[in-house]
Each structure stands twice: as structure tokens, then as C-alpha cells.
Amino acid sequence: MTERTTMLKNHIQALGDAGVRKTTFFPLIAQSLKDTLGEATRIRRAKAFAFLLDQAGQVVFPHELVTGSVLGTWPLDPDVPSFDLLLSSADQAVRDYIAVKSGQAAVDKSRIAIGYKKNVSFSTQRWAVMARDHYDASIRFLDMQEIIRVLSDKYRHDTTVEAFEIGRVIERHFEYDYGEENMRLIGELPWEAANHLDLNYDKLVRRGFGSLLQEVDQLAAGAAPEKEAFYAAARITLVAAIRFIERYAGTLEQERETADPARAQELGQMAAICRRIASEKPETFREALQLVWMTHVIANIAGGCALSFARFDQYLRPFYEKDLQDGRMSRKEASELMACVFLKVNEPKMRTVQSLCLGGVRPDGTDGASDLTKCCIETIRALRLPYPNVSVRIDSEVSPAWLLDESVQTIQVGFGMPMILNDQLWVPNLVKLGYPVEIARDYYNMGCVEIMIQGRQANWSGAGGVSFVQLILDVMEQSRLGKIHVPDFDAFMRHYLLAMSETIARSHAQGLEKLSQMRQNHYDPFASVLIDDCLEKGIDMFQGGAALPAQIAIGGSGLGTAADSLSAIRTFVYNRKQLSLDELSVVLKQNFAGNESLRAMLFSQTPAYGNDLDEADDLAKTIFDAYSEGVFSCNEDETARFVNVLFSYNGHVTSGEVTGATPNGRLKGKPLSDCIGPSQGKDVHGPTKLLNSVLKLDFSKVTGAFALNVKINPSWAQKPSGKIILSSLIHAYLQDGGPQMQFNMQRVEDLKAAQIHPEQNRDIVVRIAGYCEYFVNLDHQLQNEIISRTAHELAN
Amino acid sequence: MQMSADPSTVRGSIFGFQAFSVHDGPGIRTTVFFKGCPLKCLWCHNPEGISGKPLLSFTRNRCIECGTCEQLCPDVHQIVQGRHTLDRTACRLCRRCVDACPAGALEVVGRGMSAGEVVADLLRDQRYYAASGGGITISGGEPLIQIEFAEAILRLLKPAGIHCAVETCGAVPFSAFDRIAPLTDLFLYDVKETDPDRHLAYTGAELAPILTNLRRLRTLGADLIIRCPIVPTLNDRAAHIQALAALSLEMDRPLEFLPYHPLGASKSERMGTPPQTAYGQADSAKTASWRDAARAMGARVIES
Ligand code: SF4
């Protein structure tokens with residue numbers, strides 16, 4: 001890192017520590033919506049966007065060379081009460097919740113929801129297990145974690161509430177209140193912003209906002225009457241974006257007046273760049289980067305999240321090569337500019353998870369890795385940040401050897417980056433999904449590991465979902481109630497697979513329903529300018545304007561836990577006949593109370609997925625193949641693409657919290673297995689055996705998002721010889737058709753120390769499911785889960 | 001001795017496989033551990049490999065003292081005042097307790113397998129071998145006391161082009177080396193101590209034949225690495241390190257130091273083998289100093 005980037009990193013860290021932030025977003029949007037009552041929805045939407053941008057504060061960080069920040073809409077809240085007051089108010093909230101739940105009190109909204117926007121809810125999931133998810137809390141994340149810890153302990157013996165409910169009540173208790181009237185106005189519109197997608201930055205840097213505005217005007221001139229509103233809305237937002245960037249130029253010029261001479265010169269350059277690129281097409285690498293970042297900031301201010309940089313090294317490459325060739329910029333300068341941007345992706349309140357994809361083949365099938373790719377990887381390696389969430393696409397036939405080499409060197413540093421994506425698997429599979437091959441080759445990882453096509457799709461969304469574990473418990477329950485007869489394991493599997501296909505069909509229907517709802521009233525006129533075909537068609541991205549159909553995920557979950565549970569049922573119920581299915585059912589309902597030795601037996605003697613044992617892996621394969629085929633075949637019409645996904649984000653912890661005990665000896669409330677991996681601590685024969693198990697799954701019909709976390713031990717991985725070992729693991733996995741892999745390398749001592757002294761260990765980045773995060777930003781449950789899986793890895 | 005016509009049917013006794021073995025030989029390897037060893041090193045980290053026979057292993061921290069095994073086999077297992085006790089002399093290795101133990105605390109270590117079965121297991125990780133410069137390692141125990149079995153496995157792997165390493169303590173008749181040298185890509189040849197008296201005291205075996213075998217093996221042109229476990233207070237002497245370096249130079253082959261880990265001490269408790277002293281562990285500065293000393297004499301020292 002350079003002196004500048006080190007100082008910028010420290011500055012951003014300090015901003016994160018500065019205190020609690022409260023957004024101006026809701027009040028501003030609501031204010032505009034009040035003024036535009038009666039106008040067409042999409043015009044109101046566009047005007048509110050413009051009003052928000054015009055009113056947004058503009059923050060310039062010291063040391064930065066590329067400017068733009070979301071913090072202008074997230075000022076510090078000066079009125080945060082003391083910890084003791086926060087604790088006692090949270091305690092009161094928990095007591096109220098318990099009283100309501102146990103029927104002792106009527107739902108007294110004024111009491112329970114004092115000052116907060118949601119009322120008591122008994123729905124089953126927590127919504128935040130990490131700081132970044134907790135966008136909008138009136139408390140420091142670490143304070144809230146401490147309060148959850150204290151109160152969970154206090155109410156440990158209270159049988160009316162589960163631990164996760166306490167966490168949830170507290171999280172909701174600390175949501176900011178922006179006023180019922182405001183939230184109603186916003187909810188009625190509704191406000192939807194482009195999220196979980198990429199805006200076409202390739203088109204952006206080739207054209208610039210001015211040229212896009214011209215196009216809007218030309219198209220509007222000849223447009224059919226029903227399209228007029230679309231173009232009018234697009235125009236309002238484009239003009240607002242241009243104004244926002246020009247205003248940034250002014251802000252920089254103002255800063256310049258009080259800056260020291262060296263900084264004043266830099267600020268002057270930055271101001272000139274902003275002034276130019278506000279509407280002109282960028283000419284240099286730095287200008288292109290500034291325009292991309294500014295647009296990214298705008299979309300984030302407007303409420304977007306999980307916006308991806310997509311194929312960053314592809315669309316910036318012409319600028320990079322030209323500047324280097326003309327001697328306008330050195331490689332080192334390019335790296336420093338990119339570092340400014342990557343650091344700022346980690347500023348507080350940036351909406352995660354923002355991904356960036358490198359390498360892979362170009363649309364014509366030739367190698368897309370360049371010196372810029374290499375420069376990016378080097379920069380990322382030096383910065384060691386959780387975001388952007390970087391993937392490197394590798395085509396084992398086309399990609400140069402140095403690409404894997406650079407990736408492995410970065411993995412060896414041990415902050416979970418980059419993940420590896422397999423071109424040889426994804427390109428053909430996306431073709432099977434119906435995309436032409438040149439388009440399939442433009443895929444990238446959106447957010448965490450979700451596979452999308454650059455610049456051409458509306459937001460990724462999810463519908464329903466298939467809990468592989470819950471379906472097992474459901475079949476057992478049906479049997480216990482005498483509704484079905486399950487004489488042997490084959491019969492069990494028949495019922496199980498039937499239940500799975502019914503669940504997929506339900507999710508499919510839900511997805512179509514969701515899509516049609518979205519089309520009734522969702523608009524994002526700004527994003528629609530930057531998603532292919534919307535402009536030409538005059539149709540919003542939410543309304544089906546995008547060049548490619550919307551991608552809807554029907555996510556599977558808990559593969560490892562489910563495979564092991566089926567394996568336990570086969571082994572103990574049907575093969576060894578140690579107990580009947582219904583007896584097991586009852587034992588599980590009681591969470592193994594009084595059956596500790598049975599639980600120990602199930603836990604220790606069940607053949608488990610992840611060890612290259614055919615007798616367990618075949619079950620994982622049966623589940624996986626049926627699921628992936630089931631979702632794949634939901635694609636008979638063109639309205640949407642339904643994709644299969646085994647990627648858990650934080651879901652393995654949050655759904656684990658609400659899932660009962662399972663036949664593999666897992667206790668109620670404990671985490672489920674994550675992504676396509678095994679049950680925590682159950683892969684006991686090292687990474688090759690794990691990969692062998694995973695490679696038995698049929699990946700020929702996977703289309704959505706599939707993550708495999710490989711936990712590796714620094715004792716070998718960080719040695720020089722670790723490089724060839726890691727490379728060969730990756731190489732073998734890709735060669736034999738694995739879709740994606742990522743590595744986590746940690747020391748248990750460090751993680752434990754970070755739990756005790758978060759302030760001294762804030763730099764530890766861990767890989768969770770498909771994304772990375774600072775360890776100290778995670779909720780205690782998730783931290784414990786990571787410690788236990790790490791400890792297990794190191795013990796083997 | 002006559003090699004049987006079909007090497008895959010030759011049977012032998014092993015006590016386990018280690019996949020993803022990255023500390024014994026180059027690249028990603030799978031190691032198979034043969035049972036039985038002529039040496040009895042004080043620090044042995046695989047004490048379950050010394051005897052040629054299977055053993056009943058008991059892992060105390062897994063045991064939940066449920067008494068299931070006692071009911072099945074009261075001669076062997078007893079719960080005395082809530083604590084599991086074990087009398088292995090009465091054990092006939094029937095495995096009933098192993099299958100019944102809910103906690104996975106009991107295990108029989110050691111089993112018979114055919115060479116064909118061993119090879120099938122070793123090949124499950126074949127996809128990782130070539131790219132990493134790895135392959136398989138036959139270890140133990142001392143693999144060459146089951147020379148028929150070792151040779152059969154190597155014969156089966158040779159046509160598959162798999163890199164084969166054999167780890168040996170050298171205390172076997174040289175005829176064993178004669179038989180497998182043409183089939184072995186690399187020997188990991190252990191020289192535990194270079195002082196003859198100490199060697200006898202630490203391992204229970206004479207040093208001289210081990211060195212003679214080493215020199216003869218080298219004259220056959222076999223590739224090898226000289227390896228030595230360095231155990232604090234026993235053989236971490238400068239003179240020994242120097243003697244190893246000299247040997248490495250004489251053989252013109254690399255040297256590798258294996259820092260002692262007190263794993264064998266807890267394992268011997270689990271396996272019911274004679275108790276071991278736990279020696280100290282050298283820190284990384286110390287282990288680097290051995291390498292530096294040997295390198296100063298011109299020896300090539302490797303770290304895996
Ligand atoms: S059966 Fe297993 S857990 Fe139970 S007492 Fe015996 S060794 Fe211990």
C-alpha cells in the first residue's frame with residue numbers, strides 16, 4: 001500500500017468508528033412524494049430521485065483521488081443515549097415481547113413499538129447477523145451485540161422465548177423511526193431501487209451521461225404516447241445525476257480554497273474531472289473510474305444494494321492501455337486510483353455485497369485477462385479488504401497460467417479473496433439456460449456468487465425456497481401422524497423427492513406471482529437507462545424492459561445437514577433397525593432430551609457427506625441432482641429464468657436457529673451446513689476428500705449460485721509449497737467441473753482474541769458464505785460458527 | 001520369494017490412510033500406513049504401527065461413560081466409579097463394542113486389505129497427484145517388513161504412472177530394497193540418530209545395518225531424501241545435525257528435519273501401547289537453526 005492509501009484506509013476506519021448514523025433518505029423521499037401527490041407514479045419516482053440527489057450532502061475524503069461518497073445522506077446522529085439507557089430500553093422491549101407472547105398482555109403498540117417503525121412480530125427469522133445488514137439502527141453494532149449477549153443470558157431460562165427471538169426483538173427495537181406518515185408514503189409508491197444487478201458501466205464509459213440524455217430525447221421525440229412517461233422519467237433522473245456530479249465539482253473547488261497547496265492541486269484536478277465527466281464521455285482511465293464510481297454512489301444513495309462492478313477489467317481496459325501507452329499514467333498510479341475506489345467500497349453505509357469480476361473469456365471466446373487484470377489482483381492483495389467481493393474467472397483451456405498463479409498468491413495472504421469461477425462450466429450451462437454463447441461469456445458474479453450476465457438483466461430476486469432439511473422433518477412428521485406409510489428407505493426417498501418437487505412447483509408459482517406484482521408498480525428510471533434494451537423499448541427494467549429475462553432464484557439449503565440426516569435414517573432406522581422412524585421423530589421433537597447417547601451415536605457414527613464416502617455422498621447427490629434438475633425444468637416460457645442456487649449468505653445460521661433437531665444428531669437451533677458444503681466439522685479427511693465428494697454432484701444443470709467454502713490450514717497453505725498445492729486443488733476441481741470455490745484461512749486464537757478485543761483485531765477478514773466480512777462486524781452466533789468450523793479444520 | 005501372478009490379491013495389514021498428505025514428500029500425496037515395525041523409537045508418533053496386530057483404541061475424551069460396552073463385554077470394559085476402564089488382555093477384537101459405542105470412542109486400529117483394495121483407495125485422489133507433483137507414499141510402521149504387499153501395490157501403481165514414495169527406517173534385509181527400488185520413485189529414508197550407542201538406546205536397533213543399506217540403495221541409483229525426526233534433549237545435538245549434513249553430502253541427496261510433535265504420547269494412551277515421555281517442542285527459530293547449520297556445511301535442506 002502507498003502512503004496515501006494507508007491514510008485513506010485509516011480515515012475510512014475512523015469514519016466507521018465515528019458513531020451511529022441516521023439516514024436522510026426517508027425524510028427526503030417522503031418530502032418529495034408529498035409534493036408530487038397526484039402525478040404519475042414513475043414521474044413521482046423520478047422527481048423524488050432528483051430531489052434526493054439535489055439535497056444530498058457531499059462529502060470529500062482527505063487523500064482520495066477519486067471522489068464521491070454515500071455519507072452525505074448518512075450524517076452522524078448526535079442523540080444516541082448512553083449504553084445503560086439503551087440496555088434498559090432493550091430489556092423493556094424483551095419483557096414486553098415475552099408478556100405479549102405468553103398472553104399476559106394485549107398487544108400495546110404504543111408500548112412495544114415505542115418510537116420504532118415495526119410492531120411485534122412472531123415471524124420466525126432474524127434479519128441481521130452482520131453490521132452491514134444492520135443498515136439502519138439507532139445503536140452501535142458492537143453495543144447491540146453486547147446487549148443481545150447480556151439479555152440472551154438473562155432470559156436463558158425463560159421458556160417462552162428462544163434465543164433467536166431475543167436477538168430479533170432487540171434488532172427491531174433499535175430500528176430508527178422515520179415517522180409512520182413518511183414510511184407509508186414511501187411504501188405506497190413503492191420505492192424500489194435497482195438492486196442485486198450491475199448497471200452497464202461498459203456502456204456508461206463508452207457514452208457518458210450527455211450522450212445518453214441525447215438518446216433519451218431522440219427516442220422520446222418519436223415515442224408512442226404510453227412511452228412518454230418512461231422517457232420523461234429517464235430524463236429527470238439523468239439531468240439530476242449530471243447536476244449531482246457537477247455539484248461535486250463545486251464542492252471540490254470549495255474544499256480547495258482551504259487546502260494546502262499540494263492537496264489543492266489534487267482537488268483542482270478532481271474538480272476538473274468531475275466537471276467534464278458529468279456529461280462528457282470519459283477520455284482517460286481516471287475519468288472513466290471517476291464516472292463509474294460516481295454512478296455507483298448515486299445508485300447507492302438512491303437505495304440500491306448489492307450493485308456489482310461486474311467485469312471491471314473488461315470495460316476499463318481500453319482506457320488503461322491507452323493511458324499507459326501514451327505515458328499519461330503509470331501502472332503504479334493506476335493501482336493507486338483503483339485502491340481509492342476499492343477502499344471506498346468499504347466506507348460506512350455502502351450497501352453490500354458489491355462484487356467485482358476479473359478474468360475469464362471475452363464474448364468472442366478469446367482470453368480476457370490483461371495487465372489490468374493483474375494490476376487489479378495485485379491491488380486487492382495489498383489492500384486486504386472484505387469488499388469488493390472479487391471473483392476471478394478461469395477458463396482452464398484459455399486463461400493464461402499467471403491468472404491462477406496471481407489468484408493463488410492472493411488466496412495465500414488469507415483474507416478469503418478471490419473466489420474462483422469456472423468458465424468451462426458456467427458458459428455452457430448459461431447456454432443451456434437459453435442465452436447465446438457470446439452473451440453467456442459475459443457472465444459475472446453478482447453480489448456474492450450469483451451468476452448473472454453483464455449489463456443486460458433486471459434485478460436478481462428469489463422466490464420460495466427448498467429447505468432440504470425441513471422436508472426430511474416434514475416426511476417424518478407425516479409418517480408419525482399416520483398420513484403416509486414409510487416401510488423402507490426407498491419409500492422414504494420417494495416421499496421426500498415428491499415433497500421436493502411440490503415445493504419447487506410452489507416456489508415457481510410464487511416467482512411468477514412476484515414478477516407480476518413487480519410489473520404492476522415498480523420503477524427505477526435511472527437504472528433503466530443503464531440496462532440494455534430498456535431505452536430502446538421504452539420499458540422500465542422492473543417492467544420487463546431488460547434485454548434478458550429476469551432471473552429468479554429458487555434456493556436450496558442445508559445440503560450437508562440433509563444428506564447426513566438421510567444417511568442417519570438409512571443407517572439407524574432401516575439398516576440397523578435400532579429405532580423406528582416414528583421413535584426418531586419423537587426424539588427429535590424433544591431435542592434429544594434424555595437421549596444423549598442416541599444423539600452421540602447418530603452424530604459420531606453416521607456416514608457423513610464430505611469424506612468421499614459413497615454411502616453418504618450418494619444421498620447428497622440424489623438431493624442435489626433432483627433439486628437442480630427440478631428448478632432447471634421450470635423454464636418453459638420466456639418471461640423469467642428460474643435458477644437453482646445453493647448459496648446460503650447468512651441463512652445457514654438464521655434458518656438453523658429456527659430448525660428443529662435433525663436425525664444426524666444436530667441439536668435444535670444449531671447452524672445448518674452452508675452452500676454446497678458438508679455439515680460443520682464433519683469433513684474430517686481434508687480438502688481432497690471434500691472435493692471428491694462435491695464432484696460427485698451433477699453440475700451440468702446448475703444455473704444460479706453455488707459456493708463451496710474450503711477451509712485451509714495456514715500451516716501448509718502459507719508456505720511456498722502451499723502455492724502449488726492450492727493451484728492443483730483448484731485446477732483439479734475446475735477440470736472436473738466444479739462451479740466455484742473459495743478459501744478460508746484463519747487461526748482460532750486470532751478469532752477468539754477478536755471476540756474479546758474487537759477493537760484490536762478489526763483487520764481480520766473472514767469468508768462467510770459467498771462474501772467476506774470483517775470478523776468483528778459479525779453477530780456473535782455467526783462468529784461462533786466460524787470459530788467452530790475453523791477449529792475443526794485446524795485439528796485435522 | 002515368488003510374486004503371485006495377480007498382485008492385486010496379495011494381502012497385508014495396514015492401519016490407515018492419510019489423504020491430502022502434504023508434509024511427507026512432494027506435492028499432494030496419499031499415504032498408506034503399514035503395520036509392524038522392527039524399531040521402537042522412544043518418540044514414535046505412530047505407536048499403533050509398531051505391533052503387526054490390530055489394536056483396540058479408546059479415546060477417553062469422546063467417552064460419555066454410558067456403559068454400553070460394559071454390558072456387551074464386561075471382561076474388557078468396566079465403568080468404575082463413573083470412569084471407563086479397559087483391560088485389553090481379554091479383548092478378542094470382536095468389534096461388537098466398537099459398533100455399539102454411541103460416542104465413537106472405540107475403534108479397532110489395523111485391518112487386512114488386499115493390494116487391489118489399497119490401490120483403489122489410493123487412486124481416489126489421482127486427480128490431484130500429477131499437477132501438484134505428488135503421488136502416493138507407503139509408510140508405517142515399517143512398510144518393507146511386508147515386502148510382498150508393498151511390492152504388489154507398487155506393481156499395480158507403476159502402469160498408472162503414479163509417483164510412488166516409500167518411507168523406511170532402513171532396518172530390513174537389503175533384498176527388500178532390491179525388489180522395490182525399480183518400482184519406487186523416491187525413498188524417504190529415516191536416519192534417527194548418527195551416534196551408534198544412542199541409536200541403539202533410542203530405537204532398540206543397531207545403526208550400522210541402516211547406514212549400510214542406505215549406501216547400497218544409493219549405489220542402485222535410487223532417489224532419496226534423508227530424514228530425521230529431531231527430538232529435543234535426545235538428538236537435537238549439533239554433532240548429530242552435522243553428521244546428518246555430512247551423510248547428506250556423501251549421498252549427494254537432500255536432507256529434511258522433522259520437528260518432533262508430542263502426538264505419540266497421547267496416542268499411546270489411546271492405543272494402550274507402552275507409555276511415552278512427551279518431549280518438548282522446538283519453536284520455529286530453533287528448527288530454522290538446524291537447517292541453517294546443515295546448510296552452512298553445504299547440505300541441501302528441504303522443508304515440506
Ligand atoms: S460404549 Fe463407548 S461411550 Fe459408552 S462407556 Fe463404552 S467407550 Fe464409553
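So you know, we letter chains A, B, ... as the sequences are listed, proteins then strands, and number each from 1. Source: prediction; values computed, not measured.
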In residues 58-72 of chain B, what donor-acceptor pairs under 3.5 Å come from side-chain atoms, sequence neighbours left out?
from, atom 1, to, atom 2, distance (Å)
B/R60, NH1, B/H84, O, 3.2
B/R60, NH2, B/H84, O, 3.1
B/R62, NH1, B/G104, O, 3.0
B/E65, OE2, B/H84, N, 3.3
B/E70, OE2, B/I79, N, 3.2

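Heavy-atom neighbours of B/R291 CZ from other residues, nucleotides or ligands within 6.0 Å: above the threshold of 12. Surrounding NZ of A/K752 are at most 12 heavy atoms belonging to other residues, nucleotides or ligands under 6.0 Å away. Within a 6.0 Å sphere centred on NZ of A/K668, other residues, nucleotides and ligands contribute 12 heavy atoms or fewer. A 6.0 Å sphere centred on CD of B/E269 holds no more than 12 heavy atoms belonging to other residues, nucleotides or ligands. The neighbour count for B/K158 NZ, taken as heavy atoms of other residues, nucleotides or ligands under 6.0 Å away, is above 12. Within a 6.0 Å sphere centred on NE2 of B/H45, other residues, nucleotides and ligands contribute 12 heavy atoms or fewer.
Contact count against chain A (heavy-atom pairs under 4.5 Å) is highest for B/C101 among B/C101, B/A105, B/G134. Of all the listed residues (A/P720, A/A732, A/G665, A/S727), the one sharing the greatest number of non-hydrogen pairs under 4.5 Å with chain B is A/A732.
Put simply, the side chain of B/F20 does not reach to within 4.5 Å of the side chain of A/L690, judged on heavy atoms.
Within residues 594-612 of chain A, the residues approaching chain B closer than 4.5 Å by heavy atoms are, in numerical order, A/S597, A/A600, A/M601, A/S604, A/Q605, A/D612.
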Margin query: As a quick check of understanding, evaluate side chain to side chain contact (heavy atoms under 4.5 Å, CB included) for B/R127 and A/L695, giving each step before the final call.
Written below: CA-CA 11 Å; B/R127 54 164 71 99; A/L695 286 170; 3.5 Å; yes

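B/A100 touches chain A through its backbone: at least one of N, CA, C or O sits under 4.5 Å from a heavy atom, while the side chain does not.
When every heavy atom of B/D121 is checked against every heavy atom of A/K689, the shortest pair comes out as O-NZ, 4.5 Å.
Between B/V22 and the options A/I724, A/I725, A/T688, a side-chain contact (heavy atoms from CB on, under 4.5 Å) holds for only A/I725.
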